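See below for the structure under consideration.
It should be emphasised that the depicted structure is a prediction, and the values quoted were computed from it without experimental measurement.
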Amino acid sequence: MGDHYVPFRHCDKRRLVVFVLLAFIAGATFYSCTHLPAFSIADTPTIAHAQETVVPPGISHTSFEHGLAQCEALQRPRPVPQPVSERTVNPRGAVNSTLLIKNGYIWLGNEYMDGGDVLIQDGVIREIAMGIEPSRADKVVDAGGRVITPGIIDMHSHMMVDSIGGITAAIDGHEMSGPTKPYVRAIDAMRPTDLAIKVVASGGVTTNLVLPGSANVMGGEAAVVKLRPMPTLSVEDMLVTANATENEFPWRYMKFACGDNAKSFYGKQLKMPMTRMGEAYLFRKRFEEAQELMRQQDDWCDTAMRLNKTMHHDASSPEIQLSEPFPESLKLDSLIALLRHNVKLNIHCYLPQDIEAIVRHSLEFDFDIAALHHASSAWQVPEIIKRAKNNITVATSTDFWGTTVEVWDHNVYAPGILTEAGIPVTLITDHPVTNGRDLVYEAQRAYHYGWDEHLALASVTSAAATALGLDYRIGSIEVGKDADLVIWERHPLRLGARPKHVIVDGFELDFNASWFKGVVQEEFAEKDETQEEGSSSPIDVNDVHALPNRPTNALSLESHDANHPSLLKEACHPNTESFVLRNISKLYAAPGEVYTGAVDLVVEDGHVKCVGTTCEQAEWPSSAPIFQMHGGVVTPGIISSGVSMGLSEMINEPGTQDGFARNNIDDPDLSTSIVRAVDGLQFNGLHMRKAFKAGVTTSITQPMAAGDQMLAGVSVAFRTGIKHTLLDSNDTYVKTETALHFVITHGSSMTISQQMAALRSLLQDNEDKDAATNIFARAAQGQLAVVVETDDADEIASIINMKQHALPKVKFIILGGAESHLVASHLARVQIPVILMPARCVPLSWQARRCLYGPPYSKDTAIDILLRHGVLVGLASEDRKDGSARNLIWEAGWNLAHNKDMTQEMAVGLVTWNIAQMFGLDEQVGMIRQGYKADFIAYNGNPFEFGTTIDMVYGGGHPGPLCSPRQT
């Protein structure tokens with residue numbers, strides 16, 4: 001028979017059911033494992049059949065274990081730092097070392113401990129009390145009643161990636177190969193021998209957040225370092241987390257930037273981003289990629305952890321492996337860490353729309369923003385900032401403004417406004433944009449503009465530590481915290497405050513020693529055997545911790561007669577040209593003319609009629625308002641020089657400026673075609689208005705030279721208080737042709753020697769020509785000052801030599817002068833004055849590398865040595881781009897605080913009559929003398945103390961007295 005039917009028996013049926021069920025389970029398991037996103041699994045070993053499907057081999061055991069380790073790390077709870085009070089070891093600290101600081105005025109966050117001691121052991125603060133026995137310490141430092149604060153923390157610095165010194169090879173802050181580079185790391189570029197480490201530490205800064213630059217929307221990872229020399233020259237050894245214990249969470253730090261920088265750089269190349277829309281797309285695109293990979297990681301971990309658990313619980317089950325390794329990407333690693341909330345994100349962001357955009361992105365992709373940096377407009381949008389899930393810190397500057405649209409709305413009162421809105425504020429420097437050494441200067445100015453004393457100090461200590469996630473170790477003086485301390489020569493919120501001792505991790509920094517192995521560092525100050533090496537200031541030891549109260553006296557009116565204006569506003573009317581200031585405690589009139597006591601200043605028809613203590617009331621102008629000064633101080637109006645005030649508003653916006661001058665030195669008609677600043681002045685700009693409110697009544701403005709031009713042109717001296725245009729005053733100009741300006745440029749088509757030869761030739765060849773028609777003849781014959789801008793000592797020496805042997809009549813002025821102290825005696829011998837610009841040196845160029853920073857880094861500054869040799873000295877604004885002209889009186893006061901031979905009269909002269917004398921303007925501006933046009937500033941107290949405000953500015957072409965001008 002053929003095939004025949006055989007009925008199933010009951011046992012056969014049971015076998016079939018079991019087989020079908022097993023097959024279904026196996027198939028379901030295989031399907032569920034092979035349909036995970038991007039992953040599949042395989043059972044191994046498999047049963048061999050003649051026509052089996054080839055199953056891909058699984059990943060190696062090592063790869064599987066690596067992936068599991070990554071998953072476990074992702075799920076591991078964030079370690080909680082041990083309570084501060086229980087910390088006894090600083091992982092970076094001095095081991096088996098005990099230091100005792102005695103008799104300090106210790107700032108404890110919201111109060112001071114007078115006469116307190118701090119005991120430091122193994123780099124940790126172990127005790128804060130009165131009367132700790134010196135026998136308990138290996139070394140004792142007597143604070144002498146001085147203020148002790150925590151080490152200063154700057155959470156925005158480019159130190160070590162943009163090294164000072166002007167060497168392009170040491171500039172590594174911007175990876176400009178594309179706008180989104182979150183994966184590059186600052187630590188790979190940080191230069192451990194950057195001179196800035198020592199310079200910045202000399203300002204009491206002990207911790208820095210080192211950031212990549214802001215040219216990219218995603219700039220890369222940052223690093224937090226402590227500023228003490230490491231014998232290993234290891235950047236890793238400088239990290240605040242070096243040798244960290246397991247209970248510390250290793251925060252990562254990242255830099256983003258929004259706004260103009262990226263779109264300006266890439267837009268010029270016709271690349272994205274060309275607009276803020278493009279920036280927002282790039283943010284979203286990168287976050288979308290990171291978010292997708294993060295989901296894949298989570299899916300992989302979910303599967304791997306389940307499979308790993310199954311294998312451990314059922315050893316008899318076949319070994320199951322994933323066919324693909326744990327998904328990773330170096331390019332997305334840092335962004336994924338940000339999305340997992342393991343990164344402190346710091347964002348360069350200024351304008352309201354940019355702040356709102358980045359907050360929007362943070363909500364869309366669920367990441368935290370640690371701090372908005374610069375954030376000049378943050379004070380306008382606190383409610384937008386508070387939309388974020390976390391409490392964002394605003395890391396800003398007190399008074400950096402004026403360069404771009406992004407900083408145009410900066411407000412000096414912003415810290416107080418943000419504080420009232422509940423937003424934490426820290427202050428930063430953006431070193432080397434502004435010198436990182438001077439971070440405490442930011443806090444000082446914030447205090448000056450009314451911010452609370454303790455908040456100002458916290459903004460550069462505890463608030464910054466909190467924003468960095470390091471407040472369990474640094475930022476305050478508490479038992480258990482790292483021993484990062486600063487002992488100040490005078491209260492740190494006083495003008496000119498500088499450290500006497502800086503301690504990091506329990507180590508006292510020695511600024512007289514070379515910090516870097518194998519790197520030779522020289523000091524260029526003259527040796528003064530009569531002064532103790534390292535001593536720095538003439539501070540009264542009985543006044544070392546005093547913070548003077550802000551003066552409360554306000555300008556008021558006295559009754560005079562029935563026709564006397566009844567209101568201060570009326571008395572300050574633009575038509576007021578005759579008035580009297582009474583009860584001035586000190587009036588600086590001119591060199592050697594300082595009046596003290598109950599001083600009067602009588603102004604009639606805009607001119608000084610009488611000044612002193614003997615002005616007869618009978619001679620006072622009839623019916624003139626009489627202002628009561630209540631013991632205030634009066635100085636001449638300040639003279640700005642070195643900057644191009646009136647020719648430029650925003651340096652990065654060509655439409656807001658006169659432009660950059662090009663003078664052809666080979667032009668036979670150059671004397672008539674030379675660029676003159678007077679032809680391009682724009683009055684009543686924001687720079688000019690703010691400067692005038694601060695008492696800058698005269699500006700000497702030179703043309704802005706193009707980068708390769710040695711001849712800038714002819715400057716103009718004019719009055720800054722003009723209301724709208726030059727037509728608003730008959731006295732707009734002090735001198736239309738004030739000086740001939742040269743700039744020694746480096747890297748241009750002309751060598752330095754060619755530039756010197758050209759300068760000499762221009763003056764020598766015209767020396768005998770008609771001075772009435774030839775400007776170079778006027779300069780060569782000494783009728784017009786010749787300003788040469790240079791920092792280099794050898795270039796200054798060439799100018800000195802030129803005057804000695806070729807051009808004895810020329811009235812040279814050195815502008816810049818960072819290294820002028822090296823030729824001080826020669827400058828004095830040939831009577832060449834110096835205008836220091838900036839007033840506090842920053843060696844941003846190779847030609848300024850030998851400048852003197854002042855105590856505690858060096859005993860002297862350039863001005864100390866120049867004055868010691870009798871050189872006539874003036875001070876110019878910090879640089880040509882920002883609005884620092886209004887701070888000139890403070891620049892003079894900073895030098896006053898450190899020079900034991902300088903008087904307040906001399907300090908006033910640095911920004912008034914000295915400048916006028918150099919340019920031959922001293923019969924018109926810079927002094928308060930009978931018959932002179934009235935041109936002065938009335939302060940309600942000592943102008944060299946923060947907190948003192950201006951009651952009145954008069955002169956400068958302004959129609960009438962400007963009373964109680966409020967700064968913004």
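Residues Gly956 and Asp935 approach most closely at N-OD2, 3.7 Å, considering heavy atoms. Across all non-hydrogen atoms, the minimal contact from Val407 to Phe400 is CB-O, 4.2 Å. Closest approach of Pro415 to Val425, counting heavy atoms only: O-CG2, 4.0 Å. Closest non-hydrogen pair, Val504 versus Leu509, comes out as CG2-CD1, 3.9 Å. Looking at every heavy atom in both residues, His898 comes nearest to Pro855 through ND1-CG, 3.5 Å. The two residues Ala589 and Pro636 have their closest heavy-atom pair at O-CG, 4.1 Å.
Contact check for Leu547 versus Arg494: side-chain heavy atoms found under the 4.5 Å cut-off. Considering only heavy atoms from C-beta on, Pro625 comes within 4.5 Å of Thr576 through its side chain. Between Leu493 and Leu457, the closest side-chain pair of non-hydrogen atoms falls below 4.5 Å. Taking 4.5 Å as the limit, every side-chain heavy atom of Cys841 sits out of range of all side-chain heavy atoms of Thr861. Within the 4.5 Å cutoff, the side chain of His687 has heavy atoms near those of the Glu649 side chain. No side-chain heavy atom of Met113 sits under 4.5 Å from any side-chain heavy atom of Ile477. When side chains are defined from C-beta on, Trp107 counts as touching Thr461, because their heavy atoms get closer than 4.5 Å. Annotation: side chain of Met952 is in contact with side chain of Leu581 (closest heavy-atom distance under 4.5 Å).
One finds a salt bridge joining Asp438 and Arg498 here, because a Lys/Arg side-chain nitrogen approaches an Asp/Glu carboxylate oxygen to under 4.0 Å. A salt bridge is defined here as a Lys NZ or Arg NE, NH1 or NH2 lying under 4.0 Å from an Asp or Glu carboxylate O, and Asp117 with Lys102 meets this definition.
Of the possible polar contacts, one joining the Lys481 side chain to the Asp471 backbone as a donor-acceptor pair under 3.5 Å is found. Distance alone, capped at 3.5 Å, is enough to place a donor-acceptor pair between the Tyr413 side chain and the Gln967 backbone. Side-chain atoms of Glu945 do not come within 3.5 Å of backbone N or O of Leu495 as any donor-acceptor pair. Between the side chain of Thr393 and the backbone N or O of Ala371 there is no donor-acceptor pair closer than 3.5 Å. Checked by atom type and distance alone, the side chain of Arg689 pairs as donor or acceptor with a backbone atom of Asn684 at under 3.5 Å. A donor-acceptor pair is defined here as one N or O able to donate and one able to accept, closer than 3.5 Å; such a pair exists between the side chain of His410 and the backbone of Thr398. Side-chain atoms of His448 come within 3.5 Å of backbone N or O of Gly947 as a donor-acceptor pair. Distance alone, capped at 3.5 Å, is enough to place a donor-acceptor pair between the Ser585 side chain and the Gly631 backbone. Looking only at distances, no side-chain donor or acceptor of Ser476 sits under 3.5 Å from a matching main-chain atom of Glu478.
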- Task: May I have the step-by-step check of side-chain contact (heavy atoms from CB on, under 4.5 Å) for Ile428 and Glu442, ending in yes or no?
- Result: CA-CA 7 Å; Ile428 58 175; Glu442 295 291 336; over 6 Å; no
- Item | Worked verdict on Leu427 versus Thr396 for side-chain contact (heavy atoms from CB on, under 4.5 Å) | CA-CA 5 Å; Leu427 297 174; Thr396 189; 4.0 Å; yes
- Task: Check the pair Trp890 / Tyr441 against side-chain contact (heavy atoms from CB on, under 4.5 Å), numbers first and verdict last.
- Result: CA-CA 10 Å; Trp890 293 337; Tyr441 183 45; 3.7 Å; yes
- Message: side-chain contact (heavy atoms from CB on, under 4.5 Å) for Asn208 and His431? Distances and angles first, verdict last.
- Response: CA-CA 10 Å; Asn208 269 37; His431 175 92; 5.7 Å; no
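The CG atom of Asp864 lies 4.0 Å from the CG atom of Asn899; values are rounded to the nearest 0.5 Å. We find the CG-CG distance between Asn553 and Asn583 to be 9.0 Å, quoted to the nearest 0.5 Å. Residue Leu418 holds its CG atom at 10.5 Å from CD of Gln380, rounded to the nearest 0.5 Å. Taking OG of Ser877 as the start and CG of Leu888 as the end, the distance is 4.0 Å to the nearest 0.5 Å. Annotation: the span from Asp142 atom CG to Arg146 atom CZ amounts to 8.0 Å, rounded to 0.5 Å. Going from atom CD1 of Ile928 over to atom CG of Leu587 covers 4.5 Å, rounded to the nearest 0.5 Å.
Here the options are Asp951, Thr948, Thr552, Thr949, the test is side chain to side chain donor-acceptor pair (under 3.5 Å), and the partner is Asn940; only Thr949 passes.
With sequence neighbours left out, the side-chain contact (heavy atoms from CB on, under 4.5 Å) criterion links Lys933 to His607, Arg719, Asp731. Contacts of Pro382 classified as side-chain contact (heavy atoms from CB on, under 4.5 Å), with partners at least two apart in sequence or in another chain: Ala421, Ile423. Applying the side-chain contact (heavy atoms from CB on, under 4.5 Å) criterion to Ala934, with sequence neighbours excluded, gives Val603, Val608, Phe936, Tyr954. When the salt bridge (Lys or Arg N to Asp or Glu O under 4.0 Å) test is applied to Lys386, the partners found at least two apart in sequence or on another chain are Glu383. Every residue two or more places apart in sequence or in another chain that forms a side-chain contact (heavy atoms from CB on, under 4.5 Å) with Ser202 is listed here: Arg437, Phe511, Pro856, Tyr857. Glu453 is linked by a salt bridge (Lys or Arg N to Asp or Glu O under 4.0 Å) to nothing, counting only residues two or more places apart in sequence or in another chain.
The aromatic rings of Tyr112 and His454 are tilted relative to each other, their planes meeting at an angle between 30° and 60°.
The aromatic ring centres of Trp401 and His374 sit 6.0 Å or more apart.
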